[in-house]
Amino acid sequence: TPRTNMLHQWATGSDAEAIAKLGEMFTAEGGTWEQTSIAGHTANTLAKLRADVVAGNAPPAVQLKGPEIAEWNGTGMTMNLDEVATAGNWDSVVAPELIEVMKPAGSWVAVPMNIHRVNWMYYNPSVLEAAGVAEAPKTWDEFNAACEKIVAAGKICVAHGSFDWTDATTFDSIVYGMDRDLYRSAFVEGDTEAMRSQPMIDAFAEYRRIVDEWMDPGMPGRPFEEEVAMMANGDAAFLFMGDWTIGTLNAGGYTFGEDYECTQAPVNWGGDGYILNADSVVFFQQDDPDYQEGSVLLANTIMSPEFQTVFNQAKGSIPARMDVDLSQGFNPCQVKSQEDLAKSIEQGTLVRSMAHNMTVPQAMRGAMMEVITEFVNSDMAPEDAANAMADAVEANM
Amino acid sequence: MSSLTIHDLRKSFGAVEVLKDINLEARPGEFIALVGPSGCGKSTLLAMIAGLESVSSGEIRIDGRLVNDVAPRDRDIAMVFQSYALYPTMTVKENMAFGMESRGVPKADQEKAIARVASLLQIEPLLRRKPAQLSGGQRQRVAMGRALVRDPKLFLFDEPLSNLDAKLRVEMRTEIKKLHHRVAKTTIYVTHDQIEAMTLASRIAVMHKGVLQQFDEPQVIYERPANIFVAGFMGSPSMNFLAARTASLDGAAAVALDLPEGESVLPLPTGTKPQKAPGQPVILGIRPEHFTVAHRAQPGQTALGRLRLPVEVVEPTGSETMVVLRAGDTEITARYEPADAPKVGQTADLLVDMAKACLFDPVTEARL
Amino acid sequence: MSSLTIHDLRKSFGAVEVLKDINLEARPGEFIALVGPSGCGKSTLLAMIAGLESVSSGEIRIDGRLVNDVAPRDRDIAMVFQSYALYPTMTVKENMAFGMESRGVPKADQEKAIARVASLLQIEPLLRRKPAQLSGGQRQRVAMGRALVRDPKLFLFDEPLSNLDAKLRVEMRTEIKKLHHRVAKTTIYVTHDQIEAMTLASRIAVMHKGVLQQFDEPQVIYERPANIFVAGFMGSPSMNFLAARTASLDGAAAVALDLPEGESVLPLPTGTKPQKAPGQPVILGIRPEHFTVAHRAQPGQTALGRLRLPVEVVEPTGSETMVVLRAGDTEITARYEPADAPKVGQTADLLVDMAKACLFDPVTEARL
Amino acid sequence: MTLALDHRSDSSLAWRNRLAAWTPRLVLLPTILASVLYVLIFTLWTLWISVSNSTLLPNLTYGGFKHYVALWNHQRWTIAYTNLFVFGSLYVLGSLILGTFLAILIDQRVRGESVWRAIYLYPLAISFVVTGTSWRWILDPSTGIEAMLRNMGFENASFDWIVNRDMAIYCVVIAGMWQASGFAMALILAGLRSVDQDLIKAAQIDGASMARIYRRVVLPSIRPIFVAVLVILLQFAIKTFDLVYALTGGGPGLSTNVPAIYVYDLMFQRGQIGQGAAAAIMILLALAAVLVPYALYMAWRQRREAANG
Amino acid sequence: MADVTLARDFDPLATGGLRRKVRAKTLVYVLLTLFAAFYLIPILIVLLNSFRELPEINRTGFFAIPRSFSVQPWNEALNTFCVVGTCEGIRPFFLNSILMAVPATAISTAIGLVNGYILSMWRFRGSEWLFGFITLGVFLPAQMTLLPWAYILGNAGLTNTITGLVLIHTVQGLSFTTLFCRNYFVNIPDDLIKAARIDGAGFWRIFRRIVLPLSPPIVIVTVIWQFTGIWNDFIYGVIFSSGDKQPITSALIALTAGATSVRYHNVEAAAVLMAAVPPLLVYLFGGKYFMRGLTQGAVK
Ligand SMILES: Nc1ncnc2c1ncn2[C@@H]1O[C@H](COP(=O)(O)OP(=O)(O)OP(=O)(O)O)[C@@H](O)[C@H]1O
Ligand SMILES: Nc1ncnc2c1ncn2[C@@H]1O[C@H](COP(=O)(O)OP(=O)(O)OP(=O)(O)O)[C@@H](O)[C@H]1O
Ligand SMILES: [Mg+2]
Ligand SMILES: [Mg+2]
């Protein structure tokens with residue numbers, strides 16, 4: 001009988017419930033389901049994976065994402081899923097930006113579970129109204145203008161809790177919103193010249209203004225749910241964050257339209273943009289035929305519209321398959337996310353997220369994030385930050 | 001006016017009363033020894049004089065001033081501890097200076113005082129050493145030095161010699177005696193070694209179970225002990241105690257001993273009044289040195305009794321020989337000149353110097 | 001055949017030689033005391049006999065059998081330690097049984113042996129107690145009991161009494177002496193108390209700095225010490241040493257002392273041969289008890305010298321009085337009967353019993 | 001008994017003796033092997049990895065010192081290594097001073113001594129996973145002390161160290177002291193109790209105040225205990241990991257990074273095993289910087305004691 | 001053995017006036033109370049939040065006066081909350097921790113006792129050196145040993161087993177237990193062992209009958225030290241065990257370290273307190289001996 005043992009880091013709460021669903025579906029298909037859920041930080045999951053590989057028993061299925069798929073594919077230990085993919089016609093239903101990631105060397109070695117949108121801007125409609133901001137800003141200039149009013153009205157403009165990944169999430173939206181091409185060359189391709197360029201300096205300058213003027217000094221280390229609550233409670237107007245915020249908002253009992261609304265983070269170039277983040281599962285080669293069978297079954301289960309629906313309703317993200325209907329049981333933000341994704345693909349503006357480890361290798365991403373979070377937590381000049389980022393990346397290439 | 005007066009002093013730890021109604025006074029310059037077996041309360045009494053223990057009831061006066069509730073630092077005393085209690089991290093000099101430093105004595109005066117005492121005690125070469133680098137005798141000397149630099153009203157010593165080995169103890173004892181002659185300060189000296197007390201003190205206070213048994217000059221305590229406890233405690237080997245009864249000999253009052261070898265009747269000790277009717281039980285106390293070999297008896301010596309007893313153990317110590325004799329159920333120790341000592345199994349023929357013997361009441365244990 | 005033979009024994013710890021060429025033998029049933037100052041190697045020698053320390057060179061034989069390399073358990077010895085080394089977690093009974101248990105002696109025999117020894121030492125009421133619940137003297141007794149139950153060939157004692165207070169020490173000493181009379185086992189007894197050695201031993205080995213100084217009967221060691229070290233070590237208070245020179249008195253060889261009060265010429269000690277020409281430096285040794293008050297001189301006593309010296313300190317101990325006299329740079333201690341003792345500041349007029357005095361070579365320190 | 005012994009031949013005794021002589025060594029063997037594995041092999045392996053070409057997975061080919069070069073060119077490492085010294089010395093000294101102070105307080109014949117002791121000691125029993133969050137809440141200006149003070153009416157009260165990149169490391173120090181000072185207290189208190197009471201009596205008679213007695217007499221005489229506490233705390237400091245993770249996550253920015261976190265991140269999250277190993281070796285070097293002087297001090301003390309008998 | 005008295009019998013304030021005494025005592029108690037507050041506040045906050053309802057916490061933060069009271073968080077933490085793949089609360093992990101910490105503590109303590117006994121009483125040439133070497137293990141940072149351990153556990157077939165964790169903690173614990181026990185046994189007088197050797201006892205008999213009965217104080221110290229150390233470790237638990245085999249601290253990490261998922265702070269607080277109970281109990285019951293043994297074991 002098909003067996004599997006999936007290594008993942010969705011250890012608690014809604015995440016754990018979502019993954020439990022996967023187990024149920026896998027079992028229903030006749031498989032024997034086991035899971036290894038790792039507590040906490042990504043570092044723990046990767047440490048576990050490395051330990052298992054060193055110990056000589058690589059897990060059959062692992063939650064891995066972005067460039068790591070390519071890295072581990074490079075070790076030659078991953079399993080080729082091309083046959084299953086062809087049978088399931090994955091190439092035509094999966095978002096094109098994701099296909100590159102899932103097929104790092106031309107063959108399918110990973111299956112995507114969802115698509116997260118990173119460049120959401122949540123806002124509290126009553127705060128905006130009270131400050132006299134008619135509608136959510138669409139460009140960064142409008143945004144700054146709105147913030148001036150909000151601050152004048154005695155509120156914090158941007159709710160933020162500073163960690164390297166949240167600082168980078170916000171910066172993702174800023175760079176992307178200021179200059180799409182800059183984002184591609186600097187954050188997706190890792191071009192250090194682009195990092196040193198004037199547009200990047202401008203992006204840092206904008207970020208400097210946001211940090212110094214629109215965010216509050218209590219942000220370093222502020223827990224995630226607290227920044228969410230700041231916005232939803234009306235202490236702050238905006239929150240730049242991915243769609244996983246929805247789960248937290250639901251748990252806090254906040255309602256869409258009253259306590260919060262969501263919109264695309266400002267872009268200076270008009271049109272619809274989308275920064276994408278996706279969770280995926282990589283399969284490692286196994287000697288045991290049961291496990292081989294299990295991997296095929298698991299891949300198919302993950303790609304099934306049923307799973308994609310159930311899983312993403314719980315996580316706040318949207319299915320990785322473009323052909324799933326969101327009209328039932330999804331939050332309005334999720335519906336908008338799917339629409340925007342389609343538009344973005346159409347307009348060619350879709351990018352993967354650097355902050356969420358979908359573009360450059362971990363070593364480079366880590367170096368960039370260090371510079372970003374240092375920038376946020378110091379008074380580093382934009383020029384210096386741009387150079388420091390380029391230097392750090394060069395040192396780690 | 002006396003330098004130290006203790007009046008009706010009591011001390012309890014919880015329900016246990018460890019000192020009962022102590023009365024004591026030391027005249028200026030006097031050297032008082034406090035002796036008694038372990039646990040009798042000597043250290044407690046000394047600690048109360050020093051202010052290290054609170055007073056349960058009664059009075060302690062130093063130079064007439066009531067000090068019951070005065071802190072140690074304000075009593076103007078100095079103390080030498082059994083453990084020496086030298087500050088281990090300070091040099092000898094710093095140890096001696098610490099008290100003056102704490103009292104804010106100017107540096108120059110400190111130096112002078114230390115120089116004076118160091119030369120008095122001949123510890124100049126040790127001034128820079130730490131206590132760990134000193135021998136036992138040197139430590140003892142430094143501990144005394146620390147007490148001497150301050151020139152206090154009262155010196156307190158708590159068994160200062162008991163950590164030294166026998167030879168050194170004898171030497172230091174002599175040294176303390178000379179020192180006291182020189183500085184002539186009132187001194188209270190706790191010891192459980194009765195020889196130290198005898199040789200050093202001008203008066204001895206013998207304690208037992210928290211009660212002061214006798215407080216008098218050494219010779220008086222040795223020759224006319226107040227009771228059996230004092231008699232047995234002072235002197236080594238101990239006084240021999242024999243169950244006896246009052247009798248009459250040649251018409252005079254006497255004591256009779258029942259021995260396996262038959263009854264021995266001895267004259268009454270000098271100074272004892274024959275309060276009791278003949279036939280009453282008494283306890284006869286004879287010190288080991290108050291026996292004389294019969295054939296050495298000097299003509300004209302009076303009040304002699306004669307005993308013939310079998311020899312059990314012979315212990316030659318070199319300068320003298322101790323002989324254990326059997327007298328019925330009890331053992332008697334007699335001191336011999338080495339040349340006169342008998343052999344085990346022989347019968348010793350001894351004269352008892354009854355002039356120096358003591359009689360005790362078997363019930364009250366007091367001397368008659 | 002002797003029970004213990006030690007032949008040319010040496011012991012080094014690393015580069016330090018702590019025992020040098022020790023030769024010793026104990027006859028069956030003999031009681032040998034090993035004395036010497038702290039650190040002279042007594043405990044080390046005992047540990048080597050017990051097998052607790054290895055032998056660097058030389059031989060140790062027990063009952064003729066070479067035991068250099070035999071484990072302690074197979075030497076058939078018993079040992080009593082200064083610290084008693086009672087197993088703190090076992091009762092007295094278990095302590096005594098442990099050795100037999102380790103050797104697989106049947107329970108019934110164990111019980112019998114323990115009962116026998118317990119009654120011998122009168123420790124039956126203590127059998128169920130733990131060592132912590134015992135007084136010092138009781139512990140000492142139990143430690144001896146543990147050694148006695150096993151009926152070994154050799155008893156080793158390492159300062160068994162030095163943790164007891166003075167009174168108890170004297171009592172236990174007598175007890176050990178009686179016990180040895182009773183069990184009559186070969187015994188090696190380490191002590192640094194020379195009185196213990198004198199009273200207990202049939203022969204005494206005096207050690208100093210790892211070298212055996214003299215090995216002989218107590219009386220010989222006391223009266224004819226091999227050298228200054230032995231003379232000074234044995235006896236308390238110590239023998240007085242005076243720098244002197246050979247002289248002649250009435251034609252016979254004599255010794256002369258230069259004192260502030262003028263030259264004193266004394267007859268030669270008995271048994272000393274006048275090997276040296278007159279005027280040679282020698283050291284004269286006189287024990288405190290070999291002085292007699294001039295007016296007590298007994299007629300017919302020969303070989304008397306006479307000294308007149310100022311009194312420095314008087315120390316009455318009760319049974320006798322020690323008087324410290326000044327003789328130029330040195331101090332002399334003399335023993336007095338309490339009644340004869342002079343006062344400080346007076347001049348003592350003393351006769352010296354030169355028959356018992358010793359002369360030493362100032363260079364080799366050996367007795368002449 | 002005597003008889004039974006005589007029957008045994010000397011040669012069989014000798015054989016038994018030899019076996020007995022080797023028993024201790026044989027019994028110790030498993031521990032020796034385990035220590036050789038754990039201490040020696042693991043360290044050598046890490047040392048080798050640090051000069052190998054390892055990245056994603058261990059790779060045993062020699063790669064020179066490039067990881068060390070990269071390490072020291074990395075700003076985050078410099079911060080982490082500096083923090084190790086800043087945090088290490090403050091945490092150790094702070095815990096020592098606080099622990100000493102507490103021990104002295106408890107030493108004043110207080111009632112309920114064991115209760116006070118338990119209160120100060122309990123943090124040692126609880127892992128930082130457990131209490132880090134709570135400390136985070138306390139120190140965070142928006143939820144903790146600052147907010148509380150402001151609610152109480154002190155509008156200008158400010159205690160925002162944890163969000164201040166220059167001060168955050170001191171928050172880590174405070175939380176670390178909270179955990180470890182009880183341990184220092186326990187050891188020092190026991191040390192105070194082992195001090196000869198006569199010393200205090202003598203000093204009292206000498207006229208010294210209690211403060212002076214502690215400063216000049218009591219504390220100096222338990223110096224060996226201070227040294228022992230010092231070494232144990234330093235060892236904690238160097239291994240500090242979960243404290244920082246739970247409290248600041250290494251931030252704000254990089255300001256509270258410490259080497260242990262750096263090693264973990266590089267070895268596992270970033271897939272730079274070689275550089276992580278190099279960092280681990282640097283930690284060991286920092287340890288050696290502490291341990292070697294300590295070992296020398298101990299050897300010196302032993303020799304001095306031997307010299308003084 | 002140096003005896004550390006835990007209560008002093010000497011009162012420096014015995015004399016010198018009542019006022020002085022009262023003033024000094026007041027100051028002491030005030031300071032003690034202030035510090036007690038400093039030490040207790042963190043745990044009190046956790047305790048209070050474990051009884052609040054989640055929406056209230058999310059809206060008002062952790063440092064607020066509780067307005068709601070609920071035992072639901074405790075119930076969930078104990079019975080129903082989903083952690084690392086199972087939904088039975090933290091109970092199963094609690095059991096895992098017991099299964100891991102008890103044997104590892106027991107074995108490492110037992111071996112440490114024997115080692116300490118040998119290294120203090122049966123010294124041989126090089127034994128001091130060996131002792132130093134074993135002690136070095138105390139200082140290795142865990143991060144450094146993860147991969148070598150992975151290799152060993154993998155080859156021994158012990159990955160994802162509690163046995164593997166027991167092995168790791170035992171080997172690592174040896175350094176500490178040996179250090180403590182050896183330093184404690186050094187204080188046992190040599191004479192005791194010599195007496196036993198003369199009494200004919202061998203290596204094991206001396207250990208069993210003489211040394212072991214003297215060991216309770218140091219056993220308590222090592223047990224406390226090891227037990228709390230092993231119980232509170234999470235990194236080995238996370239890496240070398242998974243799912244329902246994880247020890248409780250690793251499961252707690254899952255509760256407290258998820259950055260973006262919804263966090264149930266009240267349940268976390270309850271779970272965290274529950275996880276802290278065993279080490280706290282061990283400290284409370286062994287505290288007195290801990291201090292006594294620690295001075296004898298750690299200072300030498
Ligand atoms: N702090 C205390 N609490 C309770 N009892 C005490 C205290 N200090 C001393 N004792 C008791 O008081 C009695 C007298 O003790 P103290 O130390 O004064 O005796 P000592 O005569 O000095 O004995 P030693 O010769 O052994 O020094 C003893 O029975 C002792 O147990
Ligand atoms: N294990 C050892 N290593 C090095 N030197 C030692 C050792 N044991 C003893 N010594 C040295 O050997 C000498 C003799 O020691 P030993 O214990 O035999 O003396 P002792 O005569 O018993 O002294 P005491 O009367 O103080 O017990 C001393 O100088 C001591 O320092
Ligand atoms: Mg006393
Ligand atoms: Mg010795």
Side-chain angles (χ1 to χ4, degrees), chain D residues 20 23-25 27-28 31-32 34-35 38-39 42 45-46 58 102 105 108-110 114 116-123 125-127 129-131 133-135 137-138 143-144 147-148 178 186-187 189-191 193-194 197 200-201 204 210 224-225 228 235 239 260 263-264 267 280 283 287, chain E residues 2 4-6 8 10-12 28 31-32 35-36 39-42 45-46 61-63 111 114-115 118 122 124 130 133-134 136-141 143-145 147-148 171-172 174 178 202-203 228 232 234 249 252-253 256 272 275-276 279-280 283-284 287-288 291-292 294-295 298-299:
Chain D
T23 311
R25 271 166 267 203
V27 174
L28 212 49
T31 308
I32 297 177
S35 289
Y38 181 61
V39 178
F42 281 18
W45 185 86
T46 309
L102 291 174
L105 281 182
Q108 304 308 307
R109 293 167 64 91
V110 295
S114 59
W116 298 112
R117 244 173 23 212
I119 290 176
Y120 302 145
L121 195 56
Y122 90 90
I126 302 178
S127 93
V129 175
V130 172
T131 49
T133 345
S134 170
W135 267 108
W137 295 341
I138 294 172
T143 59
M148 195 180 71
W178 172 81
L187 270 173
L189 179 58
R193 295 289 159 78
S194 69
Q197 296 290 303
I200 301 170
K201 296 181 187 174
Q204 273 205 308
M210 273 326 268
I225 294 194
Q235 171 270 126
K239 286 164 133 180
V263 172
Y264 193 64
M267 271 198 158
I283 296 184
L287 261 172
Chain E
V4 179
T5 48
L6 285 177
R8 56 191 282 181
F10 160 62
D11 182 4
V28 165
L31 286 172
L32 282 173
F35 278 107
Y39 284 90
L40 286 174
I41 279 174
I45 288 180
V46 178
F62 318 99
F63 225 54
I111 300 182
V114 178
N115 289 349
I118 295 172
W122 295 88
F124 44 87
L130 191 67
F133 179 71
I134 294 174
L136 281 183
V138 166
F139 298 99
L140 295 195
Q143 291 78 11
M144 192 187 114
T145 64
L147 286 178
V171 169
Q172 305 203 150
L174 283 183
T178 304
F203 180 82
T228 54
N232 288 334
F234 72 90
T249 320
L252 283 181
I253 288 282
T256 57
V272 141
L280 273 180
Y283 259 91
L284 285 185
K288 195 172 94 185
M291 279 193 40
R292 187 176 312 174
L294 202 55
T295 30
V299 185

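Sequence lines set the chain letters: A, B, ... in the order given, protein chains first and strands last, and positions in each chain run from 1.
E:F203 touches chain D through its side chain: at least one heavy atom from C-beta onward sits under 4.5 Å away, while N, CA, C and O do not. If you measure heavy-atom distances from D:L28 to chain E, the contacts under 4.5 Å come from both the backbone and the side chain. The contact between E:Y283 and chain D is made entirely by side chain atoms (from C-beta outward), counting heavy-atom distances below 4.5 Å. Heavy-atom distances place the side chain of E:L174, and not its backbone, under 4.5 Å from chain D. When heavy atoms are compared at a cutoff of 4.5 Å, E:L284 approaches chain D solely by way of its side chain, counted from C-beta outward. Contacts of D:S114 with chain E are absent, with no heavy-atom separation under 4.5 Å from either backbone or side chain. Only the side chain of D:W135 has a heavy atom closer than 4.5 Å to any heavy atom of chain E. Both the backbone and the side chain of D:I138 come within contact range of chain E, judged by heavy atoms closer than 4.5 Å. For D:P24, the parts sitting under 4.5 Å from any heavy atom of chain E are the backbone and the side chain alike. Contacts between E:V28 and chain D at a heavy-atom distance below 4.5 Å involve backbone atoms as well as side-chain atoms. In this structure, the portion of E:L130 lying under 4.5 Å from any heavy atom of chain D is its side chain and not its backbone.
For the residue pair D:Q235 and E:F139, the shortest heavy atom distance occurs at CG-CD2, 3.3 Å.
By number of non-hydrogen pairs under 4.5 angstrom with chain E, the leading residue of D:I126, D:L189, D:V263 is D:I126. Taking chain D as the reference chain and counting heavy-atom pairs below 4.5 Å, the highest number among E:I134, E:I45, E:L140 is found for E:L140. Contact count against chain D (heavy-atom pairs under 4.5 Å) is highest for E:I118 among E:T228, E:I118, E:I111. Heavy-atom pairs under 4.5 Å with chain D were tallied for E:V46, E:N115, E:I41; the largest tally goes to E:N115.
For E:N232, there are no side-chain hydrogen bond (donor to acceptor under 3.5 Å, both in side chains) partners at least two apart in sequence or on another chain.
Remark: side-chain polar atoms of D:Y38 are not paired, donor with acceptor, to backbone N or O of E:T145 under 3.5 angstrom. No side-chain donor-acceptor contact under 3.5 Å links D:Y120 to the backbone of D:A186. Side chain of D:S134 to main chain of E:P42: a donor-acceptor pair is present (N/O by atom type, distance under 3.5 Å, no hydrogens or angles).
E:Y39 has its side chain out of reach of D:L121: every pair of non-hydrogen atoms, C-beta onward, lies at least 4.5 Å apart. A heavy-atom distance below 4.5 Å is not found between the side chains of D:I32 and E:F133.
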Next item on the list: Kindly indicate, with the supporting measurements, whether the criterion side chain to side chain contact (heavy atoms under 4.5 Å, CB included) is fulfilled by E:Q143 and D:I283.
Entry: CA-CA 11 Å; E:Q143 291 78 11; D:I283 296 184; 6.0 Å; no

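Rounded to the nearest 0.5 angstrom, E:F35 CZ and D:I119 CD1 are separated by 13.0 Å. Rounded to the nearest 0.5 angstrom, E:L31 CG and D:L102 CG are separated by 9.5 Å.
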